[in-house]
Amino acid sequence: MKHAIIPSTMRAISQDAAGAPDVLKVIETRRPVPGRGEILVRVHAAGVNPADWKTRDRGVFADGAEPPFTLGFDVAGVVEAVGEGVTLFRTGEDVYGMPCFPHPAGAYAEYVAAPARHFAPRPKGLNHIQAAALPLAALTAWQALVDTANLQPGRRVLIHAAAGGVGHLAVQIAKARGAYVIGTASAGKHELLRSLGADELFDYRTEDFAETVRDVDVALDSLGGPNWARTLRTLRPGGTLISILPLDHTFPAEEAEAAGIRAVFMLVEPDHAGLREITSLVEDGRLRVVADAVFPLEQAAQAHILGETGRTTGKIVLSVAS
């Protein structure tokens, strides 16, 4: 049986300077080669995350590198080649993952080479688009609620931006852990969130959750700024406030300590075991991902424009290969 010849070049999205979405351009570049412990993945779809446009605009996750570079962390595709020492995957297997984060993975491209254990088999029942929407957002929710907060049945959880990429998955993970879930989102998204398991919802445009919500055990905050202090008021002594935004001078660290509340910043990490847990939830029917919009690779700039509105539901995905 003849093996398909892997091309030596590939299409990718690159930028020559930091800036607005129009800096993103399609280029032809050399395909990566998998090293020891790595696999080469033919990318079928790449998730689009806030980390992407923050890196495009300000170099936040560029790892100190100056442009040109290729964005993207979420990958779903097919293993095309395996590097020396890899036993976890074989060529032809469908995989998904968040390789190398917070370092650039270059997922806005036709091929990615990265450590094998930063991937997991693609969940049964999901296509590449759906799988690409999961890793970064789902791992963030899992590592925050399960690994960091050790969420237990019966606990009360407050999730901000509950209809967003991380939020809508956090709602479902919390419910799968047996928690009572309170969410904030615009009223038009409440029906979706109820279908995902949310128990109590607040429209952030017309209601002040901080005036009503009390005795929260775990709060997951993706908004920051004044929201940190308001969220602190809802937590019981011994509760946990988890921010997925880096802390600054507005973070109420002293107030949290005085109230007996654990307040932390969490940065998601590549996590093979975590991906396996997420896969189990998907395959058990307890976790579904919402893809708000799908753009072809060459329309990465339009995907960023939509993402930066902050009004999407679920995730945005780039379709890279058919």
Side-chain angles (χ1 to χ4, degrees), residues 50 137-138 140-266 268 286-288 290 310-314:
T140 298
W142 178 268
Q143 291 174 11
L145 297 176
V146 180
D147 295 343
T148 302
N150 188 29
L151 186 61
Q152 298 296 315
R155 299 289 172 86
R156 289 168 57 84
V157 179
L158 173 61
I159 298 170
H160 289 299
V166 172
H168 85 288
L169 298 170
V171 166
Q172 297 173 80
I173 289 170
K175 288 305 295 183
R177 304 287 291 186
Y180 181 90
V181 178
I182 306 162
T184 64
S186 60
K189 298 176 182 180
H190 287 192
E191 183 177 354
L192 168 67
L193 289 169
R194 288 191 184 95
S195 75
L196 298 179
D199 297 290
E200 192 174 345
L201 293 164
F202 290 84
D203 181 355
Y204 67 88
R205 294 172 175 170
T206 61
E207 300 174 282
D208 185 358
F209 70 92
E211 293 297 324
T212 305
V213 179
R214 291 292 182 271
D215 297 321
V216 167
D217 295 285
V218 179
L220 180 58
D221 193 294
S222 58
L223 301 175
N227 210 60
W228 280 326
R230 294 169 65 232
T231 300
L232 195 64
R233 291 161 51 190
T234 72
L235 284 152
R236 64 166 181 80
T240 302
L241 169 59
I242 304 169
S243 173
I244 57 174
L245 293 178
L247 310 185
D248 60 26
H249 69 280
T250 65
F251 191 70
E254 293 182 2
E255 295 91 332
E257 184 176 2
I261 292 168
R262 179 189 181 201
V264 296
F265 162 60
M266 192 214 79
V268 66
R286 293 185 291 167
L287 183 67
R288 67 183 175 96
V290 175
R311 295 292 181 263
T312 55
T313 301

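Computation of the quantities below employed the complete heavy-atom set of this structure, encompassing side-chain atoms and omitting hydrogens, waters and symmetry-equivalent molecules. In this chain, numbering begins with 1 at the start of the sequence shown.
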Please tell me whether H160 and Y204 form a close aromatic pair, meaning their ring centres lie under 6.0 Å apart.
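No, ring centres 6.0 Å or more apart.
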Are the side chain of T140 and the backbone of V166 linked by a donor-acceptor contact shorter than 3.5 Å?
no
Between [X] and [Y], is any pair of side-chain heavy atoms under 4.5 Å apart?
{"X": "T240", "Y": "I261", "result": "no"}
{"X": "Y180", "Y": "V157", "result": "no"}
{"X": "S195", "Y": "R288", "result": "yes"}
{"X": "Q172", "Y": "R286", "result": "no"}
{"X": "L196", "Y": "H168", "result": "yes"}
{"X": "R236", "Y": "V216", "result": "no"}
{"X": "I242", "Y": "R262", "result": "no"}
{"X": "I159", "Y": "V181", "result": "yes"}

What's the spacing between [X] [atom1] and [Y] [atom2] if we round to 0.5 Å?
{"X": "E255", "Y": "E257", "atom1": "CD", "atom2": "CD", "result": "10.5 Å"}
{"X": "L235", "Y": "D217", "atom1": "CG", "atom2": "CG", "result": "8.0 Å"}
{"X": "L201", "Y": "E207", "atom1": "CG", "atom2": "CD", "result": "9.0 Å"}
{"X": "T184", "Y": "K189", "atom1": "OG1", "atom2": "NZ", "result": "10.5 Å"}
{"X": "L158", "Y": "F202", "atom1": "CG", "atom2": "CZ", "result": "8.5 Å"}
{"X": "F265", "Y": "L241", "atom1": "CZ", "atom2": "CG", "result": "12.5 Å"}

Is it true that [X] and [Y] have a side-chain N and a carboxylate O under 4.0 angstrom from each other?
{"X": "D208", "Y": "R230", "value": "yes"}
{"X": "E211", "Y": "R233", "value": "yes"}
{"X": "D215", "Y": "R156", "value": "no"}

Without hydrogens or angle criteria, can the side chains of H190 and D203 be said to hold a donor-acceptor pair below 3.5 Å?
no
Write down the atom of [X], the atom of [Y], and the distance for their closest heavy-atom approach.
{"X": "L223", "Y": "A161", "result": "CD2-CB, 4.2 Å"}
{"X": "R155", "Y": "L151", "result": "CB-CD1, 3.7 Å"}
{"X": "L169", "Y": "A137", "result": "CD1-CB, 3.7 Å"}
{"X": "L145", "Y": "A170", "result": "CD1-O, 3.5 Å"}
{"X": "A162", "Y": "G183", "result": "CB-CA, 4.0 Å"}
{"X": "L193", "Y": "A185", "result": "CD1-CB, 3.6 Å"}

Let me know which of T231, L232, I244 forms a side chain to side chain contact (heavy atoms under 4.5 Å, CB included) with D221.
T231
Working note: T250 + W228, criterion side chain to side chain donor-acceptor pair (under 3.5 Å); need CA distance, chi angles, decisive distance, verdict.
CA-CA 8 Å; T250 65; W228 280 326; over 6 Å; no
Please step through side chain to side chain contact (heavy atoms under 4.5 Å, CB included) for the pair R177 and W142, ending with a clear verdict.
CA-CA 10 Å; R177 304 287 291 186; W142 178 268; 4.2 Å; yes
Heavy-atom count check: over 12 atoms from other residues, nucleotides or ligands less than 6.0 Å from Q152 CD?
yes
